[in-house]
Amino acid sequence: MNTVSLRIADLRKKVKVTQKELADSIGVSFQTVSKWETSVNLPDITILPQLADYFKVSTDQLLGLKPLDGENYIPEKTATKDFWNQKLEYLLRTRKSYWNDDYAHFLISQVWKIDKPISVLDCGCGYGFLGLLLLPYLPEGSTYTGIDFAEDLIKKGKSLFESQKLEAEFLCENVFKYSAENQYDFVICQAVLRHLDNPSAFIQKMIHFAKPDGYVVCIDANREFESCGLYVDGMDYQELCRHEGLVCCHIYISPNDLPGFPSAALASLNDATASPRSAALQSENPFCVICLKVNVAAH
């Protein structure tokens, strides 16, 4: 149930009028306006339409039951290729800061223990950043395939790999619709799940792309750490967290969505991609790496 939280003070300051000026327009004393703004008293129900009309808002907005214009959280259409075709410069500028090269080497040699050539499929590859990062540390003879539906990113990826004399295959396809002719030893995605309407189905596709006994690796930012550096001028952090639209950033995947996916790994993935308000701070890593060893039953 929504709680009444009068926005008279906010609205008055927004239109730059004093309590007395507002009081004169409404036909009450400025002391009455002061009591409204400090929640000592509420306006009479017959005055609400007059106040709402004065500020050009709805009565729900006046009462704080709905956000004021400009306060709505409008989610970006991040699950569309048009969005990502316009984000090439952003990706080129930010991806490198996700990783230390020695950590990538540590994962390959000590955690995943990859000591023979493997085939890698990068789902939602963008311009192929993960391929550029991982290939130098993978055993000689390993192959990289990137799949993404954004044509501009695929084009840039081909150019970058050619300039560095690295062999790779890039597929301009929608992962959800793509039917792979081959299966891969190692299927990976980074910072993709948070942007999807159906992340569970995406992981199921990744599992389908993996060979029996292959690896499926999902990497996403820890939202709690990511939000530590977030600053919005004039807005309290807790107020930002109360915006319902931020839930769009929170992926929740239930065990029923992914039968066979380890419950502990699923919990970590849900926590890592949670909205700032609901995240359980269980990891000190700036991003979460979840690895699943695929077995025949998972297919």
Side-chain angles (χ1 to χ4, degrees), residues 76-85 87 91 95 98 107 112 114 118-131 133-134 138 142-154 157 168-221 248-270 272-273 287-299:
E76 296 277 11
K77 296 181 179 180
T78 57
T80 65
K81 67 178 181 179
D82 290 340
F83 177 90
W84 290 108
N85 272 329
K87 293 295 181 179
L91 294 174
R95 293 306 93 170
Y98 268 46
L107 287 175
W112 299 325
I114 299 172
I118 62 168
S119 57
V120 177
L121 176 65
D122 183 2
C123 297
C125 65
Y127 67 85
F129 166 76
L130 283 178
L133 172 74
L134 299 177
L138 290 173
S142 296
T143 62
Y144 172 83
T145 301
I147 177 171
D148 201 292
F149 59 7
E151 300 92 339
D152 292 353
L153 303 186
I154 291 292
E169 181 182 9
F170 282 91
L171 306 172
C172 190
E173 300 279 356
N174 185 321
V175 170
F176 287 106
K177 299 177 180 178
Y178 182 65
S179 297
E181 296 180 0
N182 304 310
Q183 289 183 304
Y184 298 83
D185 300 303
F186 197 89
V187 183
I188 190 169
C189 73
Q190 174 180 277
V192 174
L193 300 180
R194 58 166 49 195
H195 298 293
L196 302 176
D197 297 326
N198 192 346
S200 304
F202 193 88
I203 297 176
Q204 286 284 15
K205 289 291 292 189
M206 292 177 68
I207 293 172
H208 181 74
F209 294 148
K211 292 179 179 179
D213 207 37
Y215 280 104
V216 172
V217 177
C218 303
I219 303 167
D220 234 299
C248 293
C249 295
H250 179 202
I251 301 166
Y252 176 74
I253 303 171
S254 75
N256 292 333
D257 291 329
L258 291 175
F261 199 96
S263 58
L266 198 58
S268 297
L269 186 59
N270 282 324
T273 57
F287 56 81
C288 182
V289 181
I290 302 299
C291 183
L292 170 65
K293 189 84 169 180
V294 178
N295 56 42
V296 177
H299 288 262

request  = Please test Ile188 against Leu134 for side chain to side chain contact (heavy atoms under 4.5 Å, CB included), starting from the C-alpha separation and ending with a verdict.
outcome  = CA-CA 11 Å; Ile188 190 169; Leu134 299 177; 4.2 Å; yes
query = When you look at Thr145 and Tyr184, which way does the side chain to side chain contact (heavy atoms under 4.5 Å, CB included) test go after all the steps?
reply = CA-CA 9 Å; Thr145 301; Tyr184 298 83; 3.8 Å; yes
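Distance check: Lys81 NZ to Asp152 CG gives 10.0 Å after rounding to the nearest 0.5 Å. Rounding to the nearest 0.5 angstrom, the gap separating the CG atom in Asp82 from the NZ atom in Lys87 is 12.5 Å. Interatomic distance, Ile147 CD1 to Met206 CE, rounded to the nearest 0.5 Å: 11.0 Å.
Across all non-hydrogen atoms, the minimal contact from Ala150 to Cys172 is C-SG, 4.5 Å. Smallest separation of non-hydrogen atoms from Cys189 and Leu130: C-CD1, 4.5 Å. Listed here is the closest heavy atom pair of Leu91 and Leu153: CD1-CD1, 3.8 Å. Residues Ala191 and Arg95 share a closest heavy-atom pair of CB-NH1, 3.8 Å. Between Asn85 and Glu151, the closest heavy-atom pair is ND2-OE1, 3.0 Å.
Side-chain contact between Phe176 and Tyr178: absent, with no pair of heavy atoms (C-beta onward) separated by less than 4.5 Å. The closest side-chain heavy-atom distance from Phe186 to Val217 is below 4.5 Å. Contact of the Phe209 side chain with the Val175 side chain is registered, since non-hydrogen atoms from C-beta on lie closer than 4.5 Å. Between Ile114 and Leu138, the closest side-chain pair of non-hydrogen atoms falls below 4.5 Å. Side-chain contact between Cys218 and Asp220 is absent, with no heavy atoms from C-beta onward closer than 4.5 Å. Considering only heavy atoms from C-beta on, Phe149 stays 4.5 Å or farther from Lys177 through its side chain. Using a 4.5 Å cut-off on side-chain heavy atoms (C-beta onward), Trp84 and His195 make contact.
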Would you list the atom pairs, donor with acceptor, under 3.5 Å between side chains in residues 118-126 and any protein atom, with sequence neighbours excluded?
{"unit_1": "Ser119", "atom_1": "OG", "unit_2": "Asp185", "atom_2": "N", "d": "3.0"}
{"unit_1": "Ser119", "atom_1": "OG", "unit_2": "Asp185", "atom_2": "OD2", "d": "3.0"}
{"unit_1": "Asp122", "atom_1": "OD2", "unit_2": "Tyr144", "atom_2": "OH", "d": "2.7"}

